[in-house]
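Every number for a ligand or one of its atoms is a count from 1 in the order of the listing. Residues: numbered from 1 along the sequence shown.
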Amino acid sequence: MNLQETKFFKTFCNTANNMYQHGWDERNGGNITLLLDKEEIEKVLDVTEVKRVIPMIFDASELAGKYFLVTGSGKYFKNVKENPEKNIGIIRVQENGKNIDLLWGLEDGAVPTSELPSHFMSHIARLKVDDDHRVVMHCHASHLLAMTFTHDLTEKAMTRTLWQMCTECLVVFPEGVSIIPWLVPGTNEIGEATAKKMIDTRLIIWPFHGIYGSGRDLDETFGLIETAEKAAEIYTYVQAQGGAKQCITDKNLSDLAKAFEITPREGYLNLN
Ligand code: 2HA
Ligand code: ZN
C-alpha cells in the first residue's frame, strides 16, 4: 500500500480540510500532530532515507525514535488535502531529542508547525496518563475564541457554562476545560503551560487565540473540539436572544453523569 492511501493519512488530510471548512483555521492558523505506529509507517515508507535534519528549540528526548505526521509551519489547512507533500510531513525525533529527521513531505524547505514545542510537550504529558493517546490538535475555533472576551476566564465557570449549553457536553468532556494565561505562541513557555494542564484535561483554552485538544485518534479529537465549539456557539445564540430563561440544572447534570457512568470534575457541580 502507498502512504497516501492509508487510512491515517487520508483521515489526517480530511480532518485538516474539515477544520478549514468550519472556519477554525484561517490562513496558516492551527496545527495537528499525530503520533504514528512504528510498524504501520515502516510498511509504507523507507524510514532509513532521511530527507533533511531539522533542529528544534526544545529537548524532546522523551519522544526519541517516535514518528509523527505533522502540519507545516506557515502552511494553510485549506491546501493540505490538495497538496499534502508541500503542507504536511512525516518526522522522527532523533535520539538526542534536539533534532528531527524529515522522512516525507514538507517539500521546498518547509518545516513542522511553529507550535511543535507545545505539541511535543502535550504528547509527553498525555502519554503519561493515557497509553492510547495519539493526537494533539490546535485551532482558532470561533465561538470559543469569542467567549474568552466576554465570559469569566476561570476554568470552573467556563466549564460549567459549556456543560450547560448542550446535554452531551458533560459526557464528552467530564473533566472540563483548562485555561492558560495569554502567552506568546510558539514558545517553550506556552508549551509548558499547555502541557501542565494536559495532565488533567484534554481541552485547553488559549485566551484570545484558540483551543488545544488531545485524544486517541483524529476523529475523537476533532469531535472533542467540535462539541466544545458547538456549546460556545449555542452560548452565543442564547446571549444574542436575550439570555437564558431556563437551564440544565446541576441536578440534571448529576443524573446524566450517573446514567452515563462518568465522573464530573470534582467540585464543579453544586449539589446542596
Ligand atoms: O500555526 O495557529 O498558534 C499557526 C498558529 C499558531
Ligand atoms: Zn494558533
Output yes when the distance from some N or O of ligand 1 to some N or O of Pro185 is under 3.5 Å, and no in every other case. no

Any carboxylate oxygen within less than 4.0 angstrom of a Lys/Arg side-chain nitrogen, looking at Lys10 and Glu5? no

Tell me, which protein residue and heavy-atom name are nearest atom 1 (O) of ligand 1, and how many Å apart are they? Asn31 ND2, 2.9 Å

Less than 6.0 Å separating the ring centroids of Tyr20 and Tyr76? no

Numbered atoms and elements of ligand 1 in range of His209, under 4.0 angstrom, heavy atoms: 3 (O)

List ligand 1 atoms under 4.0 Å from His138, heavy atoms only on the residue side. 2 (O), 3 (O)

Would Asp37 and Arg134 pass as an ion pair if we require N to O under 4.0 Å? no

Can you report which non-hydrogen protein atom sits closest to atom 4 (C) of ligand 1, along with the distance? Asn28 O, 3.2 Å

Would you call Leu256 and Thr167 a side-chain contact if the rule is heavy atoms closer than 4.5 Å? yes

The Zn ion (ligand 2) as vertex, arms to NE2 of His138 and NE2 of His209: angle to 10°? 100°

What N, O or S atom of His140 is found closest to the Zn ion (ligand 2)? NE2

Pair Glu49 + Lys51: basic N to acidic O under 4.0 Å: yes

With a cut-off of 4.0 Å, which atoms of ligand 1 are near a heavy atom of Glu115? 3 (O), 6 (C)

Are Thr33 and Val135 side-chain neighbours, meaning at least one heavy-atom pair lies under 4.5 Å? no

